[in-house]
Amino acid sequence: MIELICGDCLKHLDKLQEKYSDRDIILVSDVPFNIGYGYASYKDRLPQDEYLKMLQDVFDRGVPFVIIHYPESLYSIASFLHKSPTRVCSWVYNSNTGRQHRDVAFFDVKPDFAQVGQPYKNLKDKRIIKRIKEGKTCKLYDWWNINQVKNVSKEKTAHPCQMPLEVMKNIVGLLPKGSLIIDPFMGSGTTGVACKELGYDFVGIEIDEGYFEISKERIEDGTW
Ligand SMILES: C[S@@+](CC[C@H](N)C(=O)[O-])C[C@H]1O[C@@H](n2cnc3c(N)ncnc32)[C@H](O)[C@@H]1O
């Protein structure tokens, strides 16, 4: 099941919670950073207290949620919401800027690392050779080195801060099977593509019409 909505998430989330009250909803989002990012229509520069209040209105609604952000912003959000994450993972990437990692904080849900396999790191270790022979896979660790989406990347759309599909697949893949994933700040729809590929139901909301069309094309038509 996939439902895509063009609009302000704050106007839709109450109704969606009512509509899907029989489902285990998890909000998963790479939220606006509030650093004056050059989005097409959304102005990414709220006073800090308004920004935190806006995130509180979106996420503090009695369901589990996962937020991707810079670490210090995650501390501020967690402190504002009076909540501690159950687990935090790091997404690390090479870049020419001072920022080389973002964190993924899981709130009120325990990610199951055994659900996502990754290649073993030490292929010469006898124990690993034995495990590979036995057909055992390596569970995902909590530090992911994955390139950012670059202009030359195959998956690149016109959205200025698209998440790599691999990062979103790691996150979604750690969540309980059968959950309904809602991304209130959908952007180009990467969370939706990850959900579709991994077989999770998905609802996405995006305020900008141009980005909404990109996400619709990526998720519904499979053009990614
Ligand atoms: C960090 S981007 C998400 C990028 C996305 N993860 C991707 O891979 O493309 C945040 C998005 O939130 C959208 N946005 C901002 N405020 C919103 C609101 N109130 N409701 C819905 N979308 C909103 C912005 O237009 C922007 O596309």
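By convention here, the first residue in the shown sequence is residue 1.
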I'd like a table of donor-acceptor pairs (distance under 3.5 Å, sequence neighbours excluded) in which one partner is a side-chain atom from residues 104-113, with atom names and distances.
{"unit_1": "Asp108", "atom_1": "OD1", "unit_2": "Lys83", "atom_2": "NZ", "d": "3.4"}
{"unit_1": "Asp108", "atom_1": "OD2", "unit_2": "Lys83", "atom_2": "NZ", "d": "2.7"}
{"unit_1": "Asp112", "atom_1": "OD1", "unit_2": "Ala114", "atom_2": "N", "d": "3.0"}

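For Glu18, the CD atom is loosely surrounded, since the number of other residues' heavy atoms within 6.0 Å does not exceed 12. By the 6.0 Å contact criterion, OH on Tyr70 is enclosed, its count of non-hydrogen atoms from other residues, nucleotides or ligands being greater than 12. No more than 12 heavy atoms of other residues, nucleotides or ligands sit less than 6.0 Å from atom CZ of Arg127. No more than 12 heavy atoms of other residues, nucleotides or ligands shown are found within 6.0 angstrom of NZ on Lys139. For Gln118, the CD atom is densely surrounded, since the number of other residues' heavy atoms within 6.0 Å is greater than 12. Atom CG of Asn96 is surrounded by 12 or fewer heavy atoms from other residues, nucleotides or ligands within 6.0 Å. Counting non-hydrogen atoms of neighbouring residues, nucleotides and ligands closer than 6.0 angstrom, the CG atom of Asn94 reaches no more than 12 such neighbours.
No path of Ile, Leu, Val, Met, Phe, Trp and Tyr side chains, each step under 4.5 Å between heavy atoms, connects Val88 with Phe59, placing them in separate hydrophobic clusters. Ile219 and Leu180 fall within the same hydrophobic cluster, defined by Ile, Leu, Val, Met, Phe, Trp and Tyr side-chain heavy atoms under 4.5 Å apart, directly or through other members. Neither Ile128 nor Leu140 shares a network with the other; the hydrophobic side chains, linked directly or stepwise wherever heavy atoms of I, L, V, M, F, W or Y lie under 4.5 Å apart, form separate groups for each.
The main-chain N or O of Gly173 is found under 3.5 Å from a side-chain atom of Gln115 such that the two form a donor-acceptor pair. Using a distance-only test at 3.5 Å, with no hydrogens or angles considered, no donor-acceptor pair links the side chain of Glu206 to the main chain of Ile214.
Looking only at atom types and distance, the side chain of Thr190 has a donor-acceptor partner in the side chain of Arg218 under 3.5 Å away. The closest side-chain donor-acceptor pair between Tyr51 and Gln56, if any, does not fall under 3.5 angstrom. Defined by atom type and a distance below 3.5 Å, a donor-acceptor pair is present between the side-chain atoms of Thr157 and Gln162. Side chain to side chain, Tyr120 and Arg131 meet the donor-acceptor criterion of an N or O pair below 3.5 Å. No side-chain donor from either of Ser179 and Asp24 sits under 3.5 Å from a side-chain acceptor of the other.
For the atom pair CG of Leu81 and CG of Leu55, the computed distance is 8.0 Å after rounding to the nearest 0.5 Å. Going from atom SG of Cys195 over to atom CE of Met168 covers 7.5 Å, rounded to the nearest 0.5 Å.
Looking at Asn34 and Leu46, their side chains come closer than 4.5 Å, going by heavy atoms from C-beta outward. Side chains of Gln148 and Arg102 form a contact here, defined as non-hydrogen atoms less than 4.5 Å apart. In this structure, the side chains of Glu166 and Ile146 come closer than 4.5 Å at one or more pairs of heavy atoms. Counting only heavy atoms from C-beta outward, the side chains of Ile205 and Leu16 approach each other to under 4.5 Å. Two residues are said to be in side-chain contact when any heavy atoms from C-beta on lie closer than 4.5 Å; Leu10 and Met54 meet this criterion. A heavy-atom distance below 4.5 Å is not found between the side chains of His101 and Trp143. Here the side chains of Phe202 and Thr191 are in contact, with some heavy-atom distance below 4.5 Å. Taking the side chain as every heavy atom from C-beta outward, Ile68 and Val31 never approach each other to under 4.5 Å.
Annotation for Asp44 and Pro32: closest pair OD1-CB, 3.5 Å, computed over non-hydrogen atoms. Of all non-hydrogen atoms in Ser215 and Met186, the two that sit nearest each other are OG-CE, 3.3 Å.
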Applying side chain to side chain donor-acceptor pair (under 3.5 Å) to Tyr200 and Lys177, what does each step give before you reach the verdict? CA-CA 7 Å; Tyr200 287 76; Lys177 301 284 178 223; 3.3 Å; yes
Start with the C-alpha gap between Gln100 and Trp91, add the side-chain angles, then the distance that decides, and say whether side chain to side chain contact (heavy atoms under 4.5 Å, CB included) holds. CA-CA 9 Å; Gln100 305 218 337; Trp91 163 40; over 6 Å; no
Walk me through whether Ile181 and Leu27 qualify under side chain to side chain contact (heavy atoms under 4.5 Å, CB included). CA-CA 6 Å; Ile181 308 299; Leu27 298 164; over 6 Å; no
Do Val63 and Ile182 pass the side chain to side chain contact (heavy atoms under 4.5 Å, CB included) test, and can you show the C-alpha distance, the side-chain angles, and the key distance before you say yes or no? CA-CA 11 Å; Val63 299; Ile182 300 184; over 6 Å; no
Please lay out, stage by stage, how Val28 and Asp183 fare under the test side chain to side chain contact (heavy atoms under 4.5 Å, CB included). CA-CA 5 Å; Val28 176; Asp183 186 346; 5.6 Å; no
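A salt bridge links Lys53 to Asp57: at least one charged side-chain nitrogen sits closer than 4.0 Å to a carboxylate oxygen. Between Arg99 and Glu72 a salt bridge is recorded (basic side-chain N to carboxylate O distance below 4.0 Å). A salt bridge does not link Arg45 with Glu50: none of the charged nitrogens is closer than 4.0 Å to a carboxylate oxygen.
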